[in-house]
Enquirer: 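This is the structure I want to talk about, given as structure tokens.
Computed from a prediction, not measured in an experiment: that's the story for all the values here. Residue numbers run from 1 in the order of the sequence given.
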Amino acid sequence: MTEPAIRLVAFGVIFLAMTLWELLAPRRPWTVGRAARWPSNLAILAVDALAVRVLIPTAAFGVALIAAAHGFGLFPLLGWPAWLAGVIGFVVLDLAIYGQHVVFHHVPWLWRLHRVHHADPDIDVTTGGRFHPIEILISMALKIATVALLGIPAPAVFAFEVMLNATSMFNHANAALPARLDHLVRLVLVTPDMHRIHHSVVRRETDSNFGFNLPWWDRLFRTYRAAPAAGHDAIAIGLPIFRDRGELRLDRLITQPFRQPAEEAAPVAMSDAHTS
């Protein structure tokens, strides 16, 4: 089976599993629901995938293969065994994505791109793929640079990307995980209850729990928040701006970064004392 086919199968299996979990054990009632959101959320995911394939066809995995063929990168220079370079490379890639996420929240023009993700009025499995194409291309460029600089082995890059895609669907799922189990799982993976706080309308909660995959960075860099102030049943999801249902259309998602609603001024948006 080819690398793209494995990715597609992995995506399909996890997507179906999370959807079934949401149906059987929903965590929260819907604000808008699936019918109005899923077509555009899935469409922008397809646009993202197409943009990467057309504009950066080698992507991070291809760069890892090139690095291995030519022996460049820090890990080959140090002579580390492939298994050690793979494990450390996986962890470093996850740290890079955490750092990117923090930066996208605190640099105004990057926040404009990232708020497409946060403007979803509900959070479920499809939210995990709702990102603006420009953000996806920037993220891929960061991964490529990290892979090339370190010479991360291709299997580790592939495993990381498949894992990141799977955990993004998992931790955005509108699915109930027993509290005791959630407490254990979030020691090694970001859980839905942990990540839901990040989608709160309260900015100080939005600016917490940045991890997508490994939960350790939030604790290490003190961006971890255990629970929302209002509780998981009452937490409001999304952004106070872009609440109109017309904003759920694909064309509106694509143009959101280039529109600045009157309600959001940059100094206010970045303040912990206000919502955004």
Enquirer: Do W21 side-chain atoms and A176 backbone N/O form a donor-acceptor pair below 3.5 Å?
Expert: yes
Enquirer: Would you find a donor on one side and an acceptor on the other, under 3.5 Å apart, between the side chain of S168 and the backbone of N165?
Expert: no
Enquirer: Among L74, I88, V157, find the residue that satisfies the side-chain contact (heavy atoms from CB on, under 4.5 Å) test when tested with I152.
Expert: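 Answer after filtering L74, I88, V157: V157.
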Enquirer: Could you tell me whether W30 atom CH2 has more than 12 heavy atoms of other residues or ligands within 6.0 Å of it?
Expert: yes
Enquirer: Is there a donor-acceptor contact under 3.5 Å from the side chain of T191 to the main chain of D182?
Expert: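 Here the side-chain-to-backbone pair does not exist.
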Enquirer: If you apply the rule side chain to side chain contact (heavy atoms under 4.5 Å, CB included), what do you find for R196 with I235, and how did you get there?
Expert: CA-CA 9 Å; R196 188 177 303 106; I235 184 176; 4.3 Å; yes
Enquirer: Answer yes or no on whether R115 is positioned over the face of W109, meaning its NZ or CZ is under 6.0 Å from the six-membered ring centre and within 45° of the axis.
Expert: no
Enquirer: For the aromatic rings, using the six-membered ring if either is Trp, is the centroid distance between W111 and H105 under 6.0 Å?
Expert: yes
Enquirer: Yes or no on salt bridge (Lys or Arg N to Asp or Glu O under 4.0 Å) for D122 and R34, after CA distance, side-chain angles and deciding distance?
Expert: CA-CA 9 Å; D122 282 314; R34 295 185 180 89; over 6 Å; no
Enquirer: Membership question, hydrophobic clusters at under 4.5 Å side-chain separation (ILVMFWY): are W38 and M169 in the same one?
Expert: yes
Enquirer: Report the C-alpha separation of H132 and H117 in whole Å, then their side-chain angles, then the decisive distance to 0.1 Å, and conclude whether the side chain to side chain donor-acceptor pair (under 3.5 Å) test is met.
Expert: CA-CA 7 Å; H132 196 276; H117 179 64; over 6 Å; no
Enquirer: Is there a side-chain contact between L113 and I138, using heavy atoms and a 4.5 Å cut-off?
Expert: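 Yes; the side chains approach each other to less than 4.5 Å.
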Enquirer: For a 4.5 angstrom cut-off between non-hydrogen side-chain atoms, does V190 reach F210?
Expert: no
Enquirer: Is D244 salt-bridged to R252, going by a charged N under 4.0 Å from an acidic O?
Expert: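 Answer for the salt bridge query: no.
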Enquirer: Working to the nearest 0.5 angstrom, can you tell me the gap between L142 CG and I97 CD1?
Expert: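 Going from the CG atom of L142 to the CD1 atom of I97 covers 5.5 Å.
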Enquirer: State plainly whether the residues R259 and E247 are in salt-bridge range, i.e. N to O under 4.0 Å.
Expert: yes
Enquirer: Does a side-chain heavy-atom distance below 4.5 Å link S208 with D218?
Expert: no
Enquirer: Go through V52 and D48 one step at a time and tell me if the side chain to side chain contact (heavy atoms under 4.5 Å, CB included) criterion holds.
Expert: CA-CA 6 Å; V52 170; D48 293 343; 5.8 Å; no
Enquirer: Measuring only between side-chain heavy atoms, which start at C-beta, is V125 closer than 4.5 Å to H172?
Expert: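 No, too far: nothing below the 4.5 Å cut-off.
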Enquirer: Could you check whether any side-chain N or O of W217 sits under 3.5 Å from a backbone N or O of G99, counting only pairs where one atom can act as donor and the other as acceptor?
Expert: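 Looks like no, no N/O pair under 3.5 Å.
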Enquirer: Atom CG in L24, atom CG in L20: separation rounded to 0.5 Å?
Expert: 4.5 Å
Enquirer: Can you confirm whether D120 sits close enough to F242 that some side-chain heavy atom of one is under 4.5 Å from a side-chain heavy atom of the other?
Expert: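 Side chain of D120 against side chain of F242, heavy atoms only: no contact under 4.5 Å found.
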Enquirer: Side chains of M194 and N171, heavy atoms from C-beta outward: is any pair under 4.5 Å?
Expert: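 No, every pair of side-chain atoms sits at 4.5 Å or beyond.
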Enquirer: Tell me the closest heavy-atom pair linking T146 and A96, and the distance in Å.
Expert: OG1-CB, 4.1 Å
Enquirer: Under 3.5 Å, is there a donor-acceptor pair between the side chain of R219 and the main chain of P215?
Expert: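 Checking the backbone N and O of P215 against the side chain of R219, no donor-acceptor pair under 3.5 Å is found.
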Enquirer: Set out, in order, the CA-CA distance, both residues' side-chain angles and the distance that settles side chain to side chain contact (heavy atoms under 4.5 Å, CB included) for M163 and L214, then state yes or no.
Expert: CA-CA 10 Å; M163 185 70 171; L214 301 176; over 6 Å; no
Enquirer: Is the shortest side-chain heavy-atom distance between L150 and V92 below 4.5 Å?
Expert: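 Side-chain contact under 4.5 Å: yes.
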Enquirer: Give me the ring orientation class for H114 and H118: parallel if the planes are under 30° apart, tilted from 30 to 60°, perpendicular past 60°.
Expert: perpendicular
Enquirer: Mind checking whether L45 and F15 sit in one hydrophobic cluster, side chains of I, L, V, M, F, W, Y counted as touching below 4.5 Å?
Expert: yes
Enquirer: If the threshold is 4.0 Å, N to carboxylate O, is there a salt bridge linking R28 and D233?
Expert: no
Enquirer: Quick check against the 3.5 Å criterion: does N209 have a side-chain atom that pairs as donor or acceptor with the backbone of R225?
Expert: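 Yes, because the side chain of N209 sits within donor-acceptor range (under 3.5 Å) of the backbone of R225.
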Enquirer: So does V63 get a backbone contact from the side chain of T58, meaning a donor-acceptor N/O pair under 3.5 Å?
Expert: no
Enquirer: Among F104, F221, F212, Y224, whose ring-ring contact (aromatic ring centres under 6.0 Å, His included) with Y98 holds?
Expert: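 So, applying the ring-ring contact (aromatic ring centres under 6.0 Å, His included) to Y98 and each of F104, F221, F212, Y224, only F221 qualifies.
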Enquirer: Between D193 and R27, is there a salt bridge with N-O shorter than 4.0 Å?
Expert: yes
Enquirer: Any donor-acceptor pair under 3.5 Å linking the side chain of R112 with the backbone of F258?
Expert: no
Enquirer: Would you call I6 and F158 a side-chain contact if the rule is heavy atoms closer than 4.5 Å?
Expert: yes
Enquirer: If you measure only the distance, is there a donor-acceptor pair under 3.5 Å linking the side chains of H101 and H198?
Expert: yes
Enquirer: Using a strict threshold of under 4.0 Å (side-chain N to carboxylate O), is an ion pair present between R7 and E161?
Expert: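 R7 and E161: salt-bridged.
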